[in-house]
Amino acid sequence: MDILRIAVLGIAGVLIALPLRKEKGEYSTFISMAVCICIFIYIVTKVETIIDFVKRLESMVAVDGSYIALVIKMVGITYVAEFAMNVCKDAGYGAIGNQIEMFAKLSILVVSIPVLTAFLETIGSFL
């Protein structure tokens, strides 16, 4: 099971980083970042499964593929921003992490404008 691998990797990283935090704080941060990057790379390898599912979903449902692609972009922005924000906050740079979070929220808003416009046009056609 993949979750067990990830959980063991995360716990091992924490157990290695904790003793180093007192003596060499920068090494603890590097270990934390390395474990985060390893987990993130593993997550990225799972994206292919999601893309295959989305393609099958597009063929089954009569929905414009661009809308599904926009939703996938929004989810991707969320995951990448959350990862980067948490790494920054763990390294002690919470302000940078907060700026990443703010940029991600605005990016999602910008990406969602075509969907919102189509939704409002649809509502307008009913009225």
Side-chain angles (χ1 to χ4, degrees):
M1 295 175 78
D2 294 335
I3 188 64
L4 290 176
R5 290 183 193 146
I6 297 302
V8 168
L9 176 64
I11 291 169
V14 167
L15 292 176
I16 292 170
L18 273 177
L20 292 175
R21 178 168 274 166
K22 294 175 186 169
E23 296 175 22
K24 300 275 186 174
E26 62 274 6
Y27 292 147
S28 176
T29 302
F30 291 143
I31 289 171
S32 173
M33 285 184 196
V35 169
C36 289
I37 290 169
C38 289
I39 292 172
F40 186 75
I41 289 171
Y42 193 75
I43 290 170
V44 170
T45 62
K46 299 295 182 181
V47 171
E48 183 178 345
T49 305
I50 297 169
I51 291 173
D52 291 339
F53 172 74
V54 169
K55 286 179 183 176
R56 282 188 282 139
L57 186 65
E58 283 179 355
S59 66
M60 289 189 279
V61 180
V63 175
D64 187 9
S66 64
Y67 295 132
I68 294 175
L70 289 174
V71 170
I72 296 298
K73 283 182 186 178
M74 288 181 217
V75 170
I77 290 169
T78 303
Y79 282 133
V80 170
E82 184 78 19
F83 171 77
M85 180 187 68
N86 286 330
V87 168
C88 290
K89 286 185 177 182
D90 285 347
Y93 294 97
I96 295 173
N98 290 335
Q99 292 302 315
I100 291 171
E101 183 180 23
M102 180 66 71
F103 183 79
K105 289 176 182 178
L106 291 174
S107 295
I108 290 171
L109 181 63
V110 168
V111 168
S112 68
I113 287 174
V115 176
L116 183 60
T117 303
F119 177 69
L120 292 175
E121 287 173 358
T122 303
I123 290 175
S125 68
F126 288 132
L127 299 176

> How far apart are the C-alpha atoms of L9 and C38, what are their side-chain angles, what is the distance that settles it, and do they pass the side-chain contact (heavy atoms from CB on, under 4.5 Å) test?
Replying inline: CA-CA 9 Å; L9 176 64; C38 289; 3.9 Å; yes
>> Could you go through F83 and I37, starting from their C-alpha distance and side-chain angles, then the distance that decides it, and tell me whether this counts as side-chain contact (heavy atoms from CB on, under 4.5 Å)?
In response: CA-CA 9 Å; F83 171 77; I37 290 169; 4.0 Å; yes
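The shortest heavy-atom contact between I100 and M85 is CG2-N, 4.3 Å. The minimum heavy-atom distance between P114 and L70, with the atom names listed, is CB-CD1, 4.2 Å. When every heavy atom of V87 is checked against every heavy atom of C36, the shortest pair comes out as CG2-CB, 4.1 Å. Summarising the geometry of A104 relative to A81, their closest heavy-atom pair is CB-CB, 3.2 Å, with the distance given to 0.1 Å.
Under the 4.5 Å side-chain criterion, counting only non-hydrogen atoms from C-beta, Y79 is not in contact with I43.
Identified under the salt bridge (charged side-chain N to carboxylate O under 4.0 Å, His left out) test for residues 73-91, with sequence neighbours left out: none.
Within a 6.0 Å radius of CZ in F40, other residues, nucleotides and ligands contribute more than 12 heavy atoms. In the displayed structure, Y42 atom OH is contacted under 6.0 Å by more than 12 heavy atoms of other residues, nucleotides or ligands. Shown here is E48, whose CD atom has no more than 12 heavy atoms of other residues, nucleotides or ligands within 6.0 Å.
Here the options are I123, T117, V115, the test is side-chain contact (heavy atoms from CB on, under 4.5 Å), and the partner is F119; only I123 passes.
Under the 4.5 Å side-chain heavy-atom criterion for ILVMFWY residues, no single connected hydrophobic cluster contains both I31 and V14. F30 is connected to L20 through a chain of hydrophobic side-chain contacts under 4.5 Å among Ile, Leu, Val, Met, Phe, Trp and Tyr, so both are in one cluster.
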